[in-house]
Amino acid sequence: MQIDTKIIAHRGSRGTRPENTLVSFQTAINEGAEGIETDVHFSKDKQFIIMHDETVDRTTNGTGLIMDKTLGEIKKLDAGIRFSEEFKGTQVPTLQEVVNMLMKINFTGIFNLELKTNKIHYPGLERAVYEYFAGLRYPFQLIYSSFNGKSLEILNKIDPKAYEARLFKTAAKQAKTLKRSKVVEDFHPDIKWIKQHPFYAPARHLRPWVVNSTEDMQYCFERNMAAVITDYPGRAVQLRSEMRGGLI
Ligand code: G3P
Ligand code: CA
């Protein structure tokens with residue numbers, strides 16, 4: 001079966017490693033993921049912090065909002081211990097650390113950076129991210145995404161060539177408007193949503209999340225979607241290979 005669907009690791013190999021950490025990203029790549037998805041926030045001193053939530057409570061041994069802490073304070077936190085004792089001592093990475101890791105291994109896949117601005121819209125995050133990447137030569141394909149359409153519009157104004165994708169759970173109408181105005185190229189919808197709604201965009205423009213069950217992976221592979229965003233990249237690579245008739 002012809003399956004071109006790429007496998008993007010959601011917060012790294014989140015099912016098997018502490019999410020959004022260097023070990024999680026490295027594991028995903030070792031497992032054969034062709035893409036990495038991650039989330040960025042601003043610390044109090046305007047440093048790029050890689051974390052999913054707006055607070056450090058769920059994934060570290062600390063408490064409080066990222067925006068109220070300096071990078072130095074965040075670096076003292078343990079981002080592995082809540083996942084398991086084995087990962088005790090794992091640090092919260094900065095965006096630069098993740099990018100350095102990807103550049104070191106010459107990662108040529110997708111780097112999907114979600115601007116986490118839908119709950120706290122950090123002033124200046126879009127421009128700061130743009131300027132950071134503008135000063136770099138990187139080997140991967142950078143795709144920005146956000147649940148906050150405003151962030152994508154800001155980015156688009158700064159850099160009309162930026163490759164952007166609209167994330168959504170239910171706001172498909174707004175996604176359509178952004179597509180029409182050429183702000184976004186592709187969509188990252190919730191897999192539950194996509195299975196329940198006929199969608200106007202062709203499968204080659206869809207990268208649903210979070211595609212973890214065999215059934216959902218098969219659903220996306222059979223439709224040859226652009227990518228799946230999954231917590232289990234290793235499983236997805238294996239299943240895709242089987243569906244391709246064992247040809248990788
Ligand atoms: O990129 C898709 C996915 O990351 C969006 O949801 O909440 O995991 O950031 P969330
Ligand atoms: Ca995300």
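We count ligands from 1, going down the list as the structure has it; atoms in each ligand are counted the same way. In what follows, every heavy atom counts, from backbone to side chain, and hydrogens, waters and symmetry copies are set aside.
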Any side-chain heavy-atom pair of Arg11 and Asp39 under 4.5 Å: yes
Distance filter under 4.0 Å to Lys116 heavy atoms, resulting ligand 1 atoms: 7 (O), 9 (O), 10 (P)
Gln96 backbone acceptor or donor facing Asn100 side chain under 3.5 Å: yes
Under 4.0 Å to a heavy atom of Ile229 - the qualifying atoms of ligand 1, by number: 1 (O)
Parallel, tilted or perpendicular, as decided by the 30° and 60° cut-offs, for the rings of Phe133 and Phe140: perpendicular
Residue Glu37 atom name (nearest to the Ca ion (ligand 2); N/O/S): OE2
Sub-4.0 Å atoms of ligand 1 with respect to non-hydrogen atoms of His10: 3 (C), 4 (O), 8 (O), 10 (P)
Donor-acceptor contact present, side-chain Ser43 to main-chain Gln47, <3.5 Å: yes
Full working for ring-ring contact (aromatic ring centres under 6.0 Å, His included) between His41 and Tyr122: CA-CA 7 Å; His41 303 252; Tyr122 304 96; 5.6 Å; yes
Apex the Ca ion (ligand 2); atoms Glu114 OE1 and Asp39 OD1; angle rounded to 10 degrees: 80°
Donor-acceptor contact present, side-chain Glu114 to main-chain Ser145, <3.5 Å: no
Separation of Ser13 OG from Gln26 CD (nearest 0.5 Å): 11.5 Å
Atoms in ligand 1 flagged as close to His52, the criterion being non-hydrogen separation under 4.0 Å: 7 (O), 8 (O), 9 (O), 10 (P)
Numbering as shown, the atoms of ligand 1 that approach Asp39 to under 4.0 Å (heavy-atom distance): 9 (O)
N or O pair under 3.5 Å between Glu114 and ligand 1: yes
Proximal ligand 1 atoms for Phe147, defined as those under 4.0 Å from one of its heavy atoms: 5 (C), 6 (O)
Contact (N/O only, under 3.5 Å) between Ser145 and ligand 1: no
Ligand 1 contacted by Arg11 (non-hydrogen, < 4.0 Å): yes
From Asp4 atom CG to Met225 atom CE, the distance as rounded to the nearest 0.5 Å: 13.5 Å
Structural part of Val210 in contact with ligand 1, heavy atom criterion under 4.0 angstrom: neither
Polar proximity ligand 1 side, His188 side, N/O cut 3.5 Å exclusive: no
Result of checking Lys157, Glu153, Lys150, His121 against Glu126 for side-chain contact (heavy atoms from CB on, under 4.5 Å): His121
